[in-house]
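Atoms considered below: every heavy atom in the structure, side chains included; atoms not considered: hydrogens, waters and symmetry mates.
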Amino acid sequence: GVTVHPGNPTWPRETLSTTTFEAQGNKTRLTLRWLPHKSTEIERKTFVEGKASMEQGWGGTLELLEAYLKTLKRG
């Protein structure tokens with residue numbers, strides 16, 4: 001079931017993530033869109049205010065993925 005975020009009760013209960021992969025030569029561009037879904041005004045405001053934290057979290061996760069993928073190329 002859908003529930004309230006344990007650390008932030010005004011965080012949107014539902015979000016919609018869209019991930020797009022686009023070939024660019026020998027590289028791949030990843031575009032990630034993450035939006036509140038079926039949310040109240042306060043949930044949307046909280047989401048916008050948390051943008052920097054989300055960018056840091058996603059950025060760190062993707063850096064770890066990049067490092068891991070580099071180890072596979074060497075193997």
Side-chain angles (χ1 to χ4, degrees):
V2 178
T3 187
V4 175
H5 187 288
N8 191 339
T10 60
W11 188 258
R13 287 179 174 80
E14 294 183 56
T15 59
L16 175 64
S17 300
T18 305
T19 307
T20 305
F21 297 90
E22 180 183 356
Q24 294 189 334
N26 65 345
K27 295 185 177 186
T28 302
R29 167 183 237 136
L30 181 145
T31 303
L32 177 63
R33 289 185 174 83
W34 191 24
L35 300 168
H37 184 66
K38 298 180 184 175
S39 58
T40 65
E41 185 174 336
I42 188 67
E43 290 171 339
R44 288 188 296 274
K45 183 177 185 289
T46 301
F47 187 87
V48 169
E49 290 171 350
K51 184 177 181 191
S53 176
M54 291 183 292
E55 287 176 350
Q56 184 179 14
W58 279 109
T61 298
L62 294 172
E63 286 173 10
L64 290 172
L65 175 60
E66 180 181 25
Y68 172 73
L69 293 174
K70 285 180 181 177
T71 67
L72 298 178
K73 288 181 182 179
R74 290 187 211 131

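- Across all their heavy atoms, Arg13 and Val2 have their closest contact at CB-CG1, 3.5 Å.
- The line from CD of Glu49 to CH2 of Trp11 is 10.0 Å long, rounded to the nearest 0.5 Å.
- Residue Gln24 qualifies as enclosed at atom CD: its count of foreign heavy atoms under 6.0 Å is above 12.
- In this structure, the separation between CH2 on Trp58 and OG on Ser17 is 5.5 Å, given to the nearest 0.5 Å.
- Panel note: side chain Ser53, backbone Gly50; no donor-acceptor pair is recorded below 3.5 Å.
- At a cut-off of 3.5 Å, with distance as the only test, a side-chain donor of Thr46 or Thr10 sits close to an acceptor on the other residue.
- Atom OG1 of residue Thr31 and atom CD of residue Glu22 lie 6.5 Å apart, to the nearest 0.5 angstrom.
- Taking every heavy atom of both residues into account, Pro36 and Arg44 meet most closely at CG-CG, 3.9 Å.
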Going through the checks in order, is the side chain to side chain contact (heavy atoms under 4.5 Å, CB included) test met by Leu30 and Thr19?
-> CA-CA 7 Å; Leu30 181 145; Thr19 307; 4.2 Å; yes

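- Distance OG1/Thr20 to CZ/Arg33: 6.0 Å, rounded to 0.5 Å.
- Heavy-atom minimum distance, Glu14 versus Lys38: OE2-CD, 3.8 Å.
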Go through the steps to decide whether Glu55 and Lys51 satisfy the test salt bridge (Lys or Arg N to Asp or Glu O under 4.0 Å), and finish with yes or no.
-> CA-CA 6 Å; Glu55 287 176 350; Lys51 184 177 181 191; 3.6 Å; yes

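- Rounding to the nearest 0.5 Å places OG1 of Thr61 at 13.0 Å from CD of Glu66.
- At a threshold of 4.5 Å between side-chain heavy atoms, the hydrophobic network of Ile, Leu, Val, Met, Phe, Trp and Tyr places Leu62 and Phe21 in one connected group.
- With values rounded to the nearest 0.5 angstrom, Thr18 atom OG1 is found 12.5 Å from Trp34 atom CH2.
- Taking hydrophobic clusters as Ile, Leu, Val, Met, Phe, Trp and Tyr residues chained together by side-chain heavy-atom distances below 4.5 Å, Leu32 does not share a cluster with Val48.
- Under the 4.5 Å side-chain heavy-atom criterion for ILVMFWY residues, no single connected hydrophobic cluster contains both Met54 and Val4.
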